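Working notes for the structure below.
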Amino acid sequence: MLEVEHLRKSFGGLTATNDVSFHVNEGEIVSIIGPNGAGKSTIFNLVTGVYRPDGGDVRFQGASIVGKSTNQIVGLGIARTFQNLRLFTQMTVLENVLVGQHHRLRSTWLSSVLRTPGYRRQERAMREAATEKLAFFGPRLQSFRLNQPVYVLSYANRRRTEVARAMATGAKLLLLDEPSAGMNPKETAEITQIIRRMRDEGGYTILLVEHKMNLVGEISDRVIVLDYGEKIAEGSYHDVVHDPLVIEAYLGKKAAVDRAEDEEGSGA
Amino acid sequence: MARVATPTAFDAIDPARRLRNLALTLVAIGVGVLVLWGLESLGSAKLTQALALFAVWGVATVSLNLINGTLGILSLGHHGFMLIGGYTTGLLILDEAARQRILTSARSTMTEQTLGISVGNMLQSLGLDALATPETLWFRYLLAIFFGGLLAAVAGLVVGIPSLRLRGDYLAIVTFGFGEIIRLSASTRLFSAYTNGALGFPGVTSEFGKSVWWTFGVLAFTVFVISKLKYSSYGRAMQAIREDEIAAQAMGVNVAYHKVLGFVISAFFAGVAGGLWVSWLGGVRLDFFLFQLTFFFLVAISAGGTGSITGVLLGTALVVFVRQYGDPLEETYSIQTWLYLAAGVLGLAAAGAFAFRSLRRLRPRLHWGALVLAGAAALAALVALIDPSAIEGTFRGFGMRAIFLSVLLIVIMVFRPEGMIGRAEFSWAALLREQRSGPTDEERAQDAWLSNPQLNPGGEGPRDDADATRDEGGR
Ligand SMILES: Nc1ncnc2c1ncn2[C@@H]1O[C@H](COP(=O)(O)OP(=O)(O)O)[C@@H](O)[C@H]1O
Ligand SMILES: [Mg+2]
């Protein structure tokens with residue numbers, strides 16, 4: 001579904017993405033992990049057209065999407081959430097999610113002003129779809145919450161609203177940047193199940209960036225590990241967390257060696 | 001404070017309610033017409049003029065607010081769009097006598113050819129003589145303000161394009177520059193055959209701009225279009241751009257298109273307002289379109305409530321009232337009277353500060369600032385009382401109106417930065433208290449259950465990051 005090939009991006013002298021290639025198949029949940037500053041969010045920005053790659057290619061459903069604008073890419077079927085929440089804070093929960101659907105509206109501004117039957121029908125359909133996406137989060141974003149402005153919501157509810165908003169765009173591939181950041185363990189467990197249901201029941205393909213390893217381990221079909229802008233490992237969660245390179249990246253060289261020795265010792 | 005934002009504002013959901021709202025709106029319009037008719041039949045020319053001016057400026061402020069409030073772009077070039085609409089309208093409906101006077105005037109730079117441009121001549125050349133009679137002037141006037149609006153919309157398209165590359169203050173400066181460019185180029189040789197240069201031309205009929213019926217009719221149309229736009233999917237997209245441009249784009253909103261669309265629609269109505277404005281004034285001149293005009297509109301918008309059409313109209317009423325009824329402020333009074341006035345104003349300010357602090361439960365209630373104000377008031381009153389002979393003479397309050405408006409703006413910005421009514425908007429649902437102002441008790445209980453770890457071990461518990469705001473916990 002998504003193919004990233006030899007992607008490169010640098011900011012001044014800093015190489016944030018260095019020759020990264022990977023792919024995501026339809027119906028998969030793929031996680032990108034790596035230490036802070038490894039370039040995970042940069043990959044999201046490259047795929048969604050926020051940044052332009054210096055080299056390499058991004059293909060979605062067979063066609064290259066490099067050079068397309070962010071909103072065109074949403075139209076093609078890729079939507080995202082942001083690591084540092086970017087909600088429309090003065091607007092209500094429902095309005096936030098409805099904005100995600102606006103690009104699919106087939107009425108001109110004039111027929112919207114005149115409230116033509118066609119526009120009314122679409123508006124109703126948009127509302128139904130929006131509440132349907134919000135229903136993924138159970139009662140947390142229902143009834144009176146729908147008409148609450150986002151600024152009164154808890155951090156966790158804001159994260160949920162952002163995910164619902166991305167779903168509402170009609171995208172098939174969702175890029176979730178740290179969906180559980182700021183959530184407590186209970187909430188994290190809950191969002192883990194929701195992400196799984198988004199794939200199983202909603203039919204979404206999901207690429208996510210996460211720091212919480214229990215979440216990653218529980219739902220990922222595959223895990224990609226980045227360090228200093230390079231892909232250092234890819235595979236099942238189990239394989240990846242036992243990869244010496246990955247341990248080194250997370251714990252430093254010395255710790256990696258110690259740990260390898262420990263394991264040898266215990267094996268012997 | 002408001003927990004529930006303005007009504008999610010789509011009126012199409014429940015047909016019965018829609019019908020009821022429509023009926024209520026019709027009744028309200030009927031009442032409004034009766035009130036207007038009553039006010040007009042009082043026969044005060046001054047009042048009628050003030051009412052008409054409110055409607056004319058209302059068209060301008062409501063349209064400016066589409067850019068400033070809904071799109072969230074500070075635009076300072078509205079007077080330029082109004083100028084285009086105003087000159088176009090003026091030229092297109094000039095009557096024969098006025099044409100002859102301009103043509104024979106020695107200082108005029110207009111030619112027979114440019115003076116021949118009129119809706120009347122156009123209609124005649126189309127063989128529609130019936131629409132070129134004095135009785136059908138209203139039709140030609142409507143066409144003229146429509147053309148004026150269209151030309152202004154073209155200018156809006158041109159100004160909208162830099163808005164794609166620039167942001168914030170830089171963009172504000174560009175819009176200001178465009179407004180001035182439009183005004184200055186109207187006086188250049190290139191355009192003076194159409195605009196009569198710095199002189200402008202008199203003789204624009206006041207039949208429409210000073211009629212409450214025409215002006216309020218156009219205002220109603222403007223409010224209808226702009227509010228329906230605001231509460232459509234397009235309006236939501238524009239507000240999303242105001243809130244977070246990057247996020248709006250990442251949700252598929254074509255930011256460039258919606259920004260330019262906002263500018264074009266806003267400029268169209270600014271042009272229409274310009275057409276009403278020249279009719280209100282009875283002529284066309286460059287100094288009718290100074291930046292000051294945009295400044296007044298911005299005061300009205302900020303005072304009323306940025307982003308709220310209701311608030312903007314309230315603010316416009318305030319500004320127009322001060323402009324039309326502020327004459328006493330500018331007259332000549334003895335210095336003793338001015339001192340009494342100063343004492344009154346300072347005393348009121350001190351009392352206001354005291355009331356404000358008491359209301360907000362701030363301590364000490366008597367702030368030293370209020371004491372200073374009260375002291376100054378007492379001093380002024382004492383001087384005026386004790387020794388009137390030492391302060392003989394008079395003083396003319398020249399410019400007091402503008403000062404008053406500016407001070408008013410400062411007071412509002414300090415005490416209520418969101419304007420008189422903030423973002424709130426009038427709606428039948430809100431008026432009839434249908435709009436829920438918060439969760440019901442049941443929902444509150446459910447919410448407490450969901451978020452209380454003791455009641456619901458599986459729900460939201462205490463979180464790890466300390467600065468996370470809780471639901472209902474405020475901003
Ligand atoms: N717009 C930018 N300009 C300059 N440097 C950037 C920019 N975006 C990201 N970077 C740098 O690129 C590196 C990778 O950042 P990022 O992708 O955000 O990391 P993370 O893996 O934590 O999400 C960091 O060193 C960051 O400082
Ligand atoms: Mg990141």
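Letters go in sequence order (proteins before strands), and every chain restarts at 1. Since we're looking at a predicted model, the values are computed, not measured. Any value given below was found using the heavy atoms of this structure, including those in side chains, with hydrogens, waters and symmetry copies removed.
We find that B:E425 and B:K230 are joined by a salt bridge, their nearest charged nitrogen and carboxylate oxygen being less than 4.0 Å apart.
The backbone N or O of B:G69 sits less than 3.5 Å from a side-chain atom of B:R242, completing a donor-acceptor pair. Side-chain atoms of B:S308 come within 3.5 Å of backbone N or O of B:A424 as a donor-acceptor pair.
Interface remark: of the candidates A:N96, A:T89, A:I78, A:T89 forms the most heavy-atom pairs closer than 4.5 Å to chain B. Between chain A and the options B:V225, B:V255, B:I246, the largest number of non-hydrogen pairs under 4.5 Å is found for B:I246. Ranked by heavy-atom pairs shorter than 4.5 Å toward chain B, the options A:R80, A:Q72, A:M126, A:R86 are led by A:R86.
Residues B:Q249 and A:S69 bring no donor and acceptor atom of their side chains to less than 3.5 Å of each other. With no hydrogens or angles considered, no side-chain donor-acceptor pair links A:E26 and A:Q61 at under 3.5 Å. B:R236 and B:Q239 are not linked by any side-chain donor-acceptor pair at a separation below 3.5 angstrom, with hydrogens and angles left out of the test. Counting only N and O atoms by type, the side chains of A:N157 and A:R160 include a donor and acceptor under 3.5 Å apart.
When heavy atoms are compared at a cutoff of 4.5 Å, B:L261 approaches chain A solely by way of its side chain, counted from C-beta outward. If you measure heavy-atom distances from A:T169 to chain B, the contacts under 4.5 Å come from the side chain alone. Heavy-atom distances place the side chain of B:I265, and not its backbone, under 4.5 Å from chain A.
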Check against side chain to side chain donor-acceptor pair (under 3.5 Å), A:S41 and A:Q83: CA-CA 8 Å; A:S41 298; A:Q83 181 177 352; 2.9 Å; yes
Quiz: residues 128-139 of chain A side-chain donor-acceptor pairs under 3.5 angstrom, not counting sequence neighbours:
unit_1: A:T131; atom_1: OG1; unit_2: A:R127; atom_2: O; d: 2.7
unit_1: A:T131; atom_1: OG1; unit_2: A:E128; atom_2: O; d: 3.0
unit_1: A:K133; atom_1: NZ; unit_2: A:Y204; atom_2: OH; d: 3.3

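For residues 99-111 of chain A, heavy-atom neighbours of chain B at less than 4.5 Å comprise A:V99, A:G100, A:H102, A:H103, A:L105, A:S107, A:T108, A:W109, sorted by residue number.
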